Amino acid sequence: RMCARLRVNHGAVVTLKSSRSVEDGDPREMLAQGKVVTVWAILGLYVDLQAMPCQKALVAFADVAQNEAEKLDIMKLVDNQELYTEWSKQKLSFVEALESWRSVQLTLVRLIEIAPANQPR
């Protein structure tokens with residue numbers, strides 16, 4: 001579902017690189033540094049798509065929302081903690097939140113930046 005939402009082929013291969021210094025260490029990027037991986041692997045292994053978007057992620061959603069009404073709805077959740085708390089009770093994942101705001105057009109790179117990393121179990 002997320003590949004379709006991002007408009008990327010799940011079998012496409014990419015090489016992860018970070019603009020951060022090694023000392024700053026983006027843990028997701030460090031896991032696959034220099035390796036050729038598929039979009040499917042990135043989304044399945046490195047990004048927690050089941051997590052609920054935090055308010056910082058919602059700012060990123062609003063930044064790329066093409067529909068002004070959706071952008072305003074998202075920004076209300078960012079600007080009003082009480083509304084965000086109420087909205088968060090739905091426990092929508094990144095995928096579900098993006099599906100509810102159809103005009104939000106994130107790139108794969110931006111999703112990787114804003115979504116939490118999968119935690120080892």
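Predicted model, so just to flag it, every value in this text is computed and none were measured.
At a threshold of 4.5 Å between non-hydrogen side-chain atoms, the residues Val36 and Val14 do not count as touching. Side-chain contact between Leu6 and Leu106 is present, with at least one heavy-atom pair separated by less than 4.5 Å. Inter-residue side-chain proximity for Val37 and Val13 is flagged as unmet; no heavy-atom pair is nearer than 4.5 Å.
Nearest heavy-atom pair across Ala97 and Phe61 is CB-CE2, 4.0 Å. The shortest heavy-atom contact between Phe94 and Pro116 is CE1-CD, 3.6 Å.
Taking the side-chain contact (heavy atoms from CB on, under 4.5 Å) definition, one finds that Asn67 meets it with Ala69, Glu70, Ser103, sequence neighbours left out. Under the ring pair (Phe, Tyr, Trp, His ring centres under 6.0 Å) criterion, Trp87 pairs with Tyr84, Trp101, sequence neighbours left out. Taking the side-chain hydrogen bond (donor to acceptor under 3.5 Å, both in side chains) definition, one finds that Gln50 meets it with nothing, sequence neighbours left out. For Arg1, the salt bridge (Lys or Arg N to Asp or Glu O under 4.0 Å) test picks out Glu99, with sequence neighbours left out. Scored by the side-chain contact (heavy atoms from CB on, under 4.5 Å) test, Thr107 finds Val109, Arg110 as partners (sequence neighbours excluded). Remark: Ala12 pairs with Asn9, Val39 by the side-chain contact (heavy atoms from CB on, under 4.5 Å) rule, at least two apart or across chains. For Glu86, the salt bridge (Lys or Arg N to Asp or Glu O under 4.0 Å) criterion is met by Lys89, not counting sequence neighbours.
With no hydrogens or angles considered, a side-chain donor-acceptor pair links Gln105 and Arg7 at under 3.5 Å.
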Listing, residues 71-79 side-chain donor-acceptor contacts under 3.5 Å, not counting sequence neighbours, or none:
none

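With values rounded to the nearest 0.5 angstrom, Arg5 atom CZ is found 13.5 Å from Leu108 atom CG. Met2 contributes atom CE, which lies 7.0 Å from atom OG of Ser93 (distance to the nearest 0.5 angstrom). Note: Leu111 CG to Ile114 CD1 = 6.0 Å, rounded to the nearest 0.5 Å. Put simply, OG1 on Thr38 and NE2 on His10 are 8.0 Å apart, with the number rounded to the nearest 0.5 Å.
Applying the 6.0 Å contact sphere to CD of Gln90 captures more than 12 heavy atoms from other residues, nucleotides or ligands.
Note: the hydrophobic cluster containing Met52 also contains Leu43 (ILVMFWY, side chain heavy atoms under 4.5 Å, direct or indirect links).
No donor-acceptor pair closer than 3.5 Å links the side chain of Asp48 to the backbone N or O of Ala115. The backbone N or O of Val64 sits less than 3.5 Å from a side-chain atom of Gln66, completing a donor-acceptor pair.
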